[in-house]
There are 2 protein chains.
Amino acid sequence: MTASQFKSAPEPTLRRLPRYLHLLFRLREGGLEDVSSTLIARELKLDPTQVRKDIEYTDIVGRPKTGYPIEDLIIAIEAFLNWNNTEDAFIAGVGNLGSAMLGYQRFKKYGLNFVAAFDTDKQKIGTQIDTIPVLSIEKLPDLANRMKIKFGVLTVPPQYAQFVAEIMVEGGIKAIWNFAPCQLKLPDDVIVENAQLTQSLAVISRKLHEKKILGSD
Amino acid sequence: MTASQFKSAPEPTLRRLPRYLHLLFRLREGGLEDVSSTLIARELKLDPTQVRKDIEYTDIVGRPKTGYPIEDLIIAIEAFLNWNNTEDAFIAGVGNLGSAMLGYQRFKKYGLNFVAAFDTDKQKIGTQIDTIPVLSIEKLPDLANRMKIKFGVLTVPPQYAQFVAEIMVEGGIKAIWNFAPCQLKLPDDVIVENAQLTQSLAVISRKLHEKKILGSD
DNA sequence: TTTGTATTGCGAATTTTTTCTCGATTTTAT
DNA sequence: ATAAAATCGAGAAAAAATTCGCAATACAAA
Ligand SMILES: NC(=O)c1ccc[n+]([C@@H]2O[C@H](COP(=O)([O-])OP(=O)(O)OC[C@H]3O[C@@H](n4cnc5c(N)ncnc54)[C@H](O)[C@@H]3O)[C@@H](O)[C@H]2O)c1
Ligand SMILES: NC(=O)c1ccc[n+]([C@@H]2O[C@H](COP(=O)([O-])OP(=O)(O)OC[C@H]3O[C@@H](n4cnc5c(N)ncnc54)[C@H](O)[C@@H]3O)[C@@H](O)[C@H]2O)c1
């Protein structure tokens, strides 16, 4: 592993990488072999320099005039995000959102492989969703430990989120993707990423509001 | 309306406002009347100055020693995001994710009110999800125009996203909350917010990967 | 009343992120 | 072979966001 593989990229960069990946897939399907930062930037409405700086983090070097080899770039970005290795994951809360995520096959392509789901609802325990078994939440810590699960997805109502998160930590889970609109208090060595839709909604809500106040129409 | 109501807040600020709101609700339930930037910062692991700067955008003034009145702050943030007025919205794509969102009652509290859903699947057309009718996508433009819908949620597979987005624009929709992992090409006056889960996943994936490479355990 | 403490709000400093500039390099066309 | 066009990569500059420092203020306790 090279030194730069250890170098952490800024969060804005991390957020752009999947966008590059989606575009690269599309370009590859279109039969293209190389891509320039100029093209990526135009497609995604970014600055070409920014695209180049982002790509630097993945250790891929481009060639003047032709740009970057798409295949290599895809592999490098996937490796950078560790999406070439699927990470086994548990999900807690098999409600609206939890079920939707379990039914989303594409997560495997993003390195995420659900191996078990957990709930408190007796109606749901014992069933399967797309071959993933739904188990009692009580079984989570022990099973997580034994299966060495490091990744947990939290899709329970906010009032139970802290409790369930602690159960996950008890099971040795080191990264929690939290969809509940609340702040989890966990040991510092546990990575928490809040995938809160309300944050995204706030951005678009405000922009539409501004448009209505100021807007031309 | 004051001048500052027109002032646009930076996106990072917009993203933090819902987090403040969630905390404020919790504090209010706990019977608290005032809150300081210090407390908010400690709870959400932010810098107190940053919290104060964010709150400034909402036109709320605090008092030394006591902080901000929670009730007023809630109202101000909601007003800033226009979450006190519910915005009627259409959603296209009643699959895993679309159904989950339709079933999520709390969106009303975030100013979002689904009035109709659209799909191409004949099995789904004509049904209802939580009192919201599922209609043929063909009816979207005309109905959007007549109902003066400005907000559209896009939860169709990526290969149809551009097509459906254009249909929305045809119907006069001005803000599209896009969940498909692709870049939409639309007129500049249409607000597009990409709520891409993969972006959030990228952040946590990389962090866990780094932890594994460097990590103490 | 006075003193001590916690807090706001604002300007300055710092850090982070984005954008600009430009020389070097590679390919294509003449 | 030479010129023209397009791109990368690196360092500088600019812009944006965060954090610092501190005076002014409100409140509580002595
Ligand atoms: N559905 C959405 O579109 C949406 C949007 C934004 C945020 N969210 C958030 O995502 C989370 C899930 O939302 P949802 O709509 O799926 O809710 P939901 O009520 O449909 O599902 C919650 C599930 O969690 C289970 N649960 C409750 N307590 C549990 C526990 N202690 N252990 C394990 N499972 C438990 C419930 O039995 C239920 O199956 C919530 O925090 C919600 O705020 C959802
Ligand atoms: N489910 C998830 O957890 C998840 C996570 C991340 C991203 N996404 C994205 O969200 C989108 C929806 O995902 P999903 O899992 O719900 O997919 P899905 O396949 O379950 O649902 C898609 C729905 O869109 C409908 N549809 C197809 N073409 C249409 C058209 N032209 N007009 C109207 N409706 C049309 C389909 O009939 C289907 O009901 C996809 O773009 C997906 O990549 C989903």
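The CD atom of A:E56 sits 14 Å away from the C1' atom of D:dT7 (whole-angstrom rounding). Taking atom CG on B:L14 and atom P on D:dT18, their separation rounds to 11 Å, with Å as the unit. Between B:R15 atom CZ and D:dA17 atom P the separation is 12 Å, expressed in whole Å. A:I55 places its CD1 atom 16 Å from the C1' atom of D:dA10, with the value rounded to the nearest Å. Straight-line distance from the CD1 atom of A:I40 to the C1' atom of D:dC8: 12 Å, rounded to whole Å. Atom-to-atom, CG of A:D34 to C1' of D:dA6 comes out at 13 Å; the value is rounded to the nearest Å. The CG atom of B:D59 sits 16 Å away from the C1' atom of C:dT8 (whole-angstrom rounding).
In this structure, B:Y20 has no ring pair (Phe, Tyr, Trp, His ring centres under 6.0 Å) partners at least two apart in sequence or on a different chain. Remark: B:N85 pairs with B:N82 by the side chain to side chain contact (heavy atoms under 4.5 Å, CB included) rule, at least two apart or across chains.
The stretch residues 94-107 of chain B participates, sequence neighbours left out, in these side chain to side chain donor-acceptor pair (under 3.5 Å) pairs: B:Q105-B:D130. Among residue pairs with one or both ends in residues 108-119 of chain B, those qualifying as side chain to side chain donor-acceptor pair (under 3.5 Å) are B:H22-B:Y110, B:D88-B:N113; sequence neighbours excluded.
Under 4.0 Å is where a charged nitrogen must lie from a carboxylate oxygen, and between A:R52 and A:E56 no such pair does.
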Protein and nucleotides 27-30 of chain D: nitrogen or oxygen contacts under 3.5 angstrom:
unit_1 : atom_1 : unit_2 : atom_2 : d
D:dC27 : OP1    : B:R63  : NH1    : 3.2

Below 3.5 Å between N/O atoms, which protein atoms pair up with nucleotides 18-21 of chain C? Just atom names and distances, please.
unit_1 : atom_1 : unit_2 : atom_2 : d
C:dT18 : OP1    : A:R16  : NH1    : 2.9
C:dT18 : OP1    : A:Q50  : NE2    : 3.4
C:dT18 : OP2    : A:R16  : NH2    : 2.9
C:dT18 : OP2    : A:Q50  : NE2    : 3.2
C:dT18 : O5'    : A:Q50  : NE2    : 2.9

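A close approach under 4.0 Å does occur between a side-chain nitrogen or oxygen of B:Y68 and OP1 or OP2 of C:dG9.
Listed for the A:D72 side chain is no donor-acceptor partner under 3.5 Å among the backbone atoms of A:A76. Checked by atom type and distance alone, the side chain of A:D47 pairs as donor or acceptor with a backbone atom of A:T49 at under 3.5 Å.
The environment of CZ in A:F25 is crowded: more than 12 heavy-atom neighbours from other residues, nucleotides or ligands sit within 6.0 Å.
A donor-acceptor pair shorter than 3.5 Å can be found between the side chains of B:R19 and A:Q183.
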